[in-house]
Amino acid sequence: MTRYSAAEIEPKWQEAWDEAGIFQARRDEAKPKYYVLEMFPYPSGRIHIGHVRNYTMGDVVARYKRATGHNVLHPMGFDAFGMPAENAAMANGGHPKDWTYSNIDTMVGQMKPLGFSLDWTRMFATCDPEYYGQQQALFLDFLEKGLVYRKNAVVNWDPVDMTVLANEQVEDGRGWRSGALVERRELTQWFFKISDYSDELLSALDTLDQWPAKVKTMQANWIGKSRGLQFAFGLIDAPHGFDRVEVYTTRPDTLMGASFVGISPDHPLAKELEKANPEVAAFCEKARQGGTTEEAIEKAEKLGFDTGLKVRHPFDTAWELPVYIANFILMDYGTGAIFGCPGHDERDHEFATKYGLPIIDTFLPVDGDHDIQSAPFVPAKSEKVRYTRLIAGAEIQTGEEAVNAAVDFCEKNGVGHGVTKFRLRDWGLSRQRYWGCPIPVVHCDACGVVPEKKENLPVQLPDDVSFDIPGNPLDRHPTWRDCACPSCGAPAKRETDTMDTFVDSSWYFARFTAPRADTPTVKEDAEYWMNVDQYIGGIEHAILHLLYSRFFARAMHITGHLPDSAKEPFDALFTQGMVTHAIYQTKGKDGRPVYHYPEDVDLRDGKGFLTDGTEVEIIPSAKMSKSKNNVVDPVAIISQYGADTARWFVLSDSPPERDVEWTAAGAEAASKHLARVWRLAAELDDTPENEAEDTALLREMHKAINDVTGGIDSFGFNASIAKLYGFTNTIAKSKAGAVAKRMALKTLAQLMSPMTPHLSEEVWAILGGEGLIAEAPWPVADEVMLVDDTVTLPIQVNGKRRGEITVPKDMDKAEVEKLALADEGVLRTLDGAQPKKVIVVPGRIVNVVM
RNA sequence: GCCUGCGUGGUGGAAUGGUAGACACAGGAGACUUAAAAUCUCUAGGCCGAAAGGCCGUGCCGGUUCGAAUCCGGCCGCAGGUACCA
């Protein structure tokens with residue numbers, strides 16, 4: 001070989017690793033274990049550059065940990081259930097199963113050439129009956145322990161297609177296929193009791209010291225612990241059985257600013273009024289229109305309906321407040337009823353202004369005024385304010401203090417009681433869809449809801465289904481539903497709801513420890529491999545997936561499937577940024593957006609055109625998403641430059657946690673650099689030794705070991721790569737002898753090996769390294785070689801740099817000050833003036849203040 | 001709407017209280033070559049200046065500090081999440 005050829009060396013070394021079987025994980029008590037896991041992909045069809053970035057990061061960690069003596073588990077699988085497979089079946093015919101497994105084949109075929117150090121023998125897809133059967137077993141165990149139950153909850157209902165829609169399928173309040181106005185409709189659904197663990201899931205965040213602070217903050221806010229007052233307003237002239245309206249408020253201190261009571265359209269009182277009053281019924285119907293997302297509800301126009309009913313204010317029985325039905329109050333939150341305080345709440349202010357309700361202040365800025373009529377006064381709860389209509393506590397106090405005082409006061413006076421509530425709701429897992437894990441229960445006329453027997457698991461999905469009409473094919477399957485009641489044996493019907501795909505991804509990390517076992521986990525394997533030492537995935541999973549997994553680990557512990565120590569299953573978390581790309585969109589005949597692949601769009605002068613000349617609308621920087629067609633296929637880069645170049649390239653430049661707008665500029669340069677490293681090794685001559693040059697090179701080598709290792713340890717792969725560029729330049733320019741250079745190059749190959757494993761093996765072999773570099777121990781920096789004797793200090797005058805001095809590392813402050821004041825640039829700037837003060841920060845800087 | 005981040009040259013980015021722009025891309029100049037490719041060398045934030053040097057500069061406005069890209073307050077823009085996309 002006369003030049004670097006990725007095509008020649010990469011398959012060769014992949015074979016060598018395979019033959020040595022070094023990536024197959026086996027329990028070995030003699031070594032510390034290390035479990036590194038990247039969030040497994042959805043099999044959308046082809047891998048995209050974001051996957052390459054994600055899995056390369058994981059592979060760097062896996063290879064580095066292997067080199068530092070760890071017994072590494074690094075598995076891969078597929079999150080294979082979900083809507084896109086059904087959408088594909090609807091759009092193009094075919095079966096979700098075929099579509100999914102064929103995608104998995106393609107993606108595995110694309111991943112293997114990248115040379116990831118994965119234990120492929122552990123691979124599974126969540127749609128394998130072997131996997132989801134064990135998930136059904138978990139479900140039954142959870143059910144037995146009271147962790148699962150049924151209740152009503154709202155879904156997006158498409159009244160034309162007569163089907164439940166996912167939030168994604170609701171566009172501007174209308175069904176994506178029918179175009180009909182979506183309504184919120186109640187359905188009986190299965191729930192996990194995650195809310196029982198709210199407090200624990202919140203407080204345990206403090207123990208996750210290797211998680212990003214932002215993820216913990218997001219989860220804490222999501223769980224949303226609040227202290228408030230629950231009390232009842234007495235209704236005047238209420239319908240029979242409705243003499244009270246129970247409300248919950250986090251701001252009881254503003255009770256004297258109340259101007260109305262609002263109830264949800266799904267509140268029992270609203271439903272009662274609806275029966276007798278067609279006007280109420282019409283309003284409630286309108287109020288139920290639109291999707292179920294928090295965003296849709298919050299952003300919708302605030303609508304209210306005055307029921308004509310009044311309640312008495314608890315502290316002034318002569319004070320009557322009107323009762324409104326309002327579309328922004330959800331039955332799922334709190335009690336489904338609120339009191340409105342327009343003076344100190346944006347939403348209530350908007351509502352009061354619209355319906356001409358009074359706006360009353362209860363507190364104002366400590367010194368100053370605030371025009372409460374034109375805008376609400378909403379300071380942070382921690383800020384001190386001056387109360388004008390005080391319930392309890394000091395006149396001037398923080399909102400927080402006032403809330404506590406008000407709760408105490410109300411309790412003493414028999415107006416309700418203080419309660420702690422959480423925003424976190426129970427996890428609805430029912431999906432009215434085919435391509436998911438069947439919920440293993442049976443509905444029997446005599447026995448009710450009966451769990452399926454474990455020996456009958458898995459409850460398998462039937463293959464003979466069609467997607468030509470909307471709705472759940474399991475509901476209309478002629479025979480699949482029919483079964484015998486596991487309890488009494490009478491004919492019964494299977495549950496046709498399947499599980500949310502978040503269930504599938506909430507325990508796959510545990511399954512990887514024993515992927516073929518005939519129980520969900522195996523004690524010895526779970527105890528040995530858990531926890532995941534390093535979990536790596538997208539920030540988009542910061543809340544739901546991670547919170548659900550934390551709950552699941554607890555539930556699996558309770559049901560005996562995970563040890564107590566695995567209740568927090570991910571020791572360290574790293575959230576890598578997303579790879580974003582512009583979306584190219586045109587409008588179809590029906591006015592709906594049509595998305596175009598980047599490779600089909602010509603960019604000229606900031607505008608994009610299709611091959612037929614049509615201009616496309618460019619939506620900048622969005623998460624790569626199959627449904628938006630803004631994905632970039634890495635195959636072109638891999639086939640042109642090889643896997644190592646692709647790996648090196650996705651790690652260079654951008655810090656791993658940051659989002660990157662994808663651009664292929666620079667792949668060429670990455671490839672050139674790898675070729676250069678290869679050439680340095682291949683063309684190593686036999687220059688005789690030269691002590692000064694050799695030592696200088698070896699010093700740089702130890703610094704490189706130190707810096708590159710530090711970069712990998714802290715997920716600063718871009719920083720490691722910058723150092724590796726620098727070290728390569730140093731070697732190339734060095735006049736050192738062949739012995740020192742060989743040592744430096746072998747070290748360079750090792751330091752690069754987590755990123756560019758194939759090239760590193762090749763260079764290692766060329767230089768006569770022993771065995772596989774993948775099995776060589778990681779180099780260790782010699783502390784002595786890292787220390788420089790002198791240091792260059794910048795000298796500032798009034799914070800502006802005017803010169804620099806080079807001094808011995810440990811020179812004392814007074815001496816440094818003297819030299820600094822003698823500096824030419826300093827003297828020129830001082831221009832004879834006496835410095836007022838000189839600040840010397842040893843080893844860092846000198847600042848002269850004049 | 002709400003929660004969480006992010007914003008630095010033509011571009012990706014470095015610097016987490018101490019020399020702003022490391023390293024790299026694109027650019028410019030040059031060497032080698034008949035030529036090209038490959039490789040190598042130099043250059044490079046903006047403005048003024050022949051140079052020495054000076055002034056300005058990290059989304060915008062203000063503050064703290066001897067010193068702020070970094071800390072604090074307000075604003076603008078972008079991204080992620082918002083419980084049925086995964």
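Remember, it's a predicted structure, so these values are computed and weren't measured experimentally. A note on names: the letters A, B, ... follow the listed sequences, proteins ahead of strands, and every chain is numbered from 1.
For the pair A/E301 and A/K354, the salt-bridge criterion is met [side-chain N within less than 4.0 Å of a carboxylate O].
Comparing B/C66 with B/G53, their P atoms are spaced 29 Å from each other, to the whole Å.
Checked against a 6.0 Å centroid threshold, the rings of A/Y535 and A/W211 do not count as neighbours. The six-membered or imidazole ring of A/F192 lies away from that of A/Y548, with a centre-to-centre distance of 6.0 Å or more.
No engagement by A/V838 is indicated, since no non-hydrogen atom pair under 4.0 Å with the nucleic acid exists. Among the heavy atoms of the strands lying under 4.0 Å from A/W222 is at least one base atom, whether or not backbone atoms are also near. As judged by a 4.0 angstrom heavy-atom cut-off over every strand, A/K723 is placed among residues making no nucleic acid contact. Among the protein residues, A/E683 comes within range of no part of the nucleic acid, since none of its heavy atoms lies under 4.0 Å from any strand. Across all strands, A/V841 comes closer than 4.0 Å to base atoms (heavy-atom distances). At the heavy-atom level, A/A669 lies under 4.0 Å from the strands shown only through sugar-phosphate atoms. Nucleic acid contact class of A/K299 (heavy atoms, under 4.0 Å, all strands): base. Using a 4.0 Å heavy-atom criterion, one finds that A/S505 contacts no nucleic acid atom at all. Residue A/Q169 is classed as having no contact, given no heavy-atom separation below 4.0 Å to the nucleic acid. Using a 4.0 Å heavy-atom cutoff across all strands shown, A/V164 reaches at least one base atom of the nucleic acid. Using a 4.0 Å heavy-atom criterion, one finds that A/K216 contacts no nucleic acid atom at all. Using a 4.0 Å heavy-atom criterion, one finds that A/I721 contacts no nucleic acid atom at all. Contact annotation for A/G428: backbone-only contact, meaning every heavy-atom pair under 4.0 Å involves sugar-phosphate atoms and none involves a base. Across all strands, A/H673 comes closer than 4.0 Å to no nucleic acid atom at all (heavy-atom distances).
The pairing partner recorded for B/A22 is none, the criterion being a Watson-Crick or G-U wobble arrangement whose two distances lie under 3.5 angstrom. Both distances falling under 3.5 Å, in either a Watson-Crick or a G-U wobble arrangement, place B/U4 opposite B/A79. Base pairing annotation: B/A29 forms a Watson-Crick or G-U wobble pair with B/U41, both donor-acceptor distances under 3.5 Å.
The distance from atom CD of A/E657 to atom P of B/U4 is 19 Å, rounded to the nearest whole Å. To the nearest angstrom, C1' of B/G1 lies 8 Å from CD of A/E295. Between the CZ atom of A/F717 and the C1' atom of B/A24 there is a distance of 19 Å, given to the nearest Å. The nearest whole Å value for the distance from the CD1 atom in A/I839 to the P atom in B/U19 is 14 Å. What separates CD of A/E668 from P of B/A37 is a distance of 12 Å, to the nearest Å. In this structure, A/N167 places its CG atom 13 Å from C1' of B/A86, rounding to the nearest Å. Regarding A/I539, its CD1 atom lies at a distance of 11 Å from the C1' atom of B/A79, rounded to whole Å. Atoms CG (A/D348) and C1' (B/G1) sit 13 Å apart, rounded to a whole Å.
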Compile the donor-acceptor pairs under 3.5 Å between side chains in residues 668-676 of chain A and protein atoms, sequence neighbours left out, one pair per line.
| unit_1 | atom_1 | unit_2 | atom_2 | d |
| --- | --- | --- | --- | --- |
| A/E668 | OE1 | A/Y641 | OH | 2.9 |
| A/H673 | NE2 | A/T728 | OG1 | 3.3 |
| A/R676 | NH1 | A/N729 | OD1 | 2.5 |
| A/R676 | NH2 | A/N729 | OD1 | 3.3 |

Output side-chain donor-acceptor pairs under 3.5 Å for residues 648-656 of chain A, partner residues at least two apart or in another chain, one line each.
| unit_1 | atom_1 | unit_2 | atom_2 | d |
| --- | --- | --- | --- | --- |
| A/W648 | NE1 | A/Y725 | OH | 3.3 |
| A/S652 | OG | A/W648 | O | 2.6 |
| A/S652 | OG | A/F649 | O | 3.2 |

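Judged as a salt bridge (Lys or Arg N to Asp or Glu O under 4.0 Å), the pairs with a partner in residues 290-300 of chain A (not counting sequence neighbours) are, in order, A/E294-A/R423, A/E295-A/K299, A/E298-A/R347.
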message: Please encode protein proximity along nucleotides 46-57 of chain B as a string of B, S and -, counting only heavy-atom distances under 4.0 Å.
response: -------SSSS-

task: Starting at the 5' end of nucleotides 8-16 of chain B, put B wherever the base has a protein heavy atom under 4.0 Å, S where only the sugar-phosphate does, and a dash everywhere else.
output: ----BSS--

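Each of B/C23, B/G18, B/U41 was ranked by its minimum atom distance to the side chain of A/Y725; first place goes to B/C23.
In this structure, NZ on A/K703 lies 9.5 Å from NZ on A/K723, to the nearest 0.5 angstrom.
With its glycosidic angle within 90° of 0, B/G9 is assigned syn.
Near RNA chain B, defined here as any heavy-atom distance below 4.0 Å, the residues from residues 76-87 of chain A are A/D79, A/G82, A/M83, listed numerically.
Contact annotation: A/R347 does not reach the phosphate of B/C2 (side-chain N/O to OP1 or OP2, under 4.0 Å). One finds no side-chain N or O of A/T217 lying less than 4.0 angstrom from the OP1 or OP2 phosphate oxygen of B/U4.
With contacts defined as side-chain heavy-atom distances shorter than 4.5 Å, the pair A/M499/A/T126 does not qualify.
Contact annotation: side chain of A/N221 to base of B/C3, donor-acceptor pair absent below 3.5 Å.
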